Amino acid sequence: MNHFFKHILSRNRPCIFVSPHLDDAILSCGNAIISLKDHVHVSVVTIFTESGECPESLSAKEFLKQCGISDSKKLFVERRREEEKVFRKLNV
């Protein structure tokens, strides 16, 4: 375990992971979250969790089509559910 983790654990510091978008924290810091969660309080704060009101760009429309979802709001509802399910399972 590296010095940074030892420092957190020795002082029983809570950890907050800031995730710009849904699933960024678990995909980029999942190992750290899992390693710390049983020893200190871990929270994840996600900044962008829903789509905007503007019409979707062409690339966003194509992505929605690939996902089999016609509405970006529905996509974000599903992605928030997925994220909540993962973190609930991890007790984060």
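From a predicted model like this one, the values you see are computed outputs, not experimental measurements.
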field: Heavy-atom pair with the smallest gap, counting every atom of Ala25 and Val44
entry: CB-CG1, 3.8 Å

message: Using side-chain contact (heavy atoms from CB on, under 4.5 Å), reason through Lys73 and Glu53 one step at a time and then give a plain yes or no.
response: CA-CA 9 Å; Lys73 297 216 181 294; Glu53 294 300 321; 3.1 Å; yes

- prompt: Residues in side chain to side chain contact (heavy atoms under 4.5 Å, CB included) with Glu50, at least two apart?
  reply: Arg80

task: Among Ile, Leu, Val, Met, Phe, Trp and Tyr joined by side-chain contacts under 4.5 Å, find the other residues sharing a cluster with Leu22 and list them by chain and number.
output: Phe76

Note: Lys65-Glu62 ion pair, threshold 4.0 Å (strictly below): yes

field: Atom CD1 of Ile16 with >12 non-hydrogen neighbours under 6.0 angstrom
entry: no

statement: Value for OG (Ser43) from CZ (Phe87), rounded to nearest 0.5 Å, stands at 10.5 Å

task: Begin with the C-alpha distance, continue with both residues' side-chain angles, and end with the deciding distance and a verdict on side-chain contact (heavy atoms from CB on, under 4.5 Å) for Phe17 and Val92.
output: CA-CA 11 Å; Phe17 291 83; Val92 171; over 6 Å; no

Crowding at CG, Leu58 (>12 non-hydrogen neighbours, <6.0 Å): no

Which atom of Arg79 lies closest to which atom of Asp23, heavy atoms considered: NH2-OD2, 3.0 Å

task: In sequence, state the C-alpha distance, the side-chain angles, and the governing distance for Glu78 and Arg81, and then conclude on salt bridge (Lys or Arg N to Asp or Glu O under 4.0 Å).
output: CA-CA 5 Å; Glu78 182 59 33; Arg81 277 192 203 129; 3.6 Å; yes

Lys85 and Glu82 ion-paired at < 4.0 Å: no

query: Can you list the residues that meet the side chain to side chain contact (heavy atoms under 4.5 Å, CB included) rule with Val40, with sequence neighbours excluded?
result: Ile8, Leu9, Asn12, Cys15, Leu36, Val42

query: Minimum heavy-atom separation for Ser70 to Lys74, with atom names?
result: OG-NZ, 4.4 Å

message: Please report the interatomic distance CD1(Ile34) to SG(Cys29), rounded to the nearest 0.5 Å.
response: 11.0 Å

query: Quick one: CD1 on Ile33 to CD1 on Ile26, what's the gap to the nearest 0.5 Å?
result: 4.5 Å

statement: To the nearest 0.5 Å, atom CD of Glu83 lies from atom OG1 of Thr46 at 4.0 Å

- request: Identify the heavy atoms of Asp24 and Ser28 that sit nearest to each other, and give their distance.
  value: O-OG, 2.6 Å

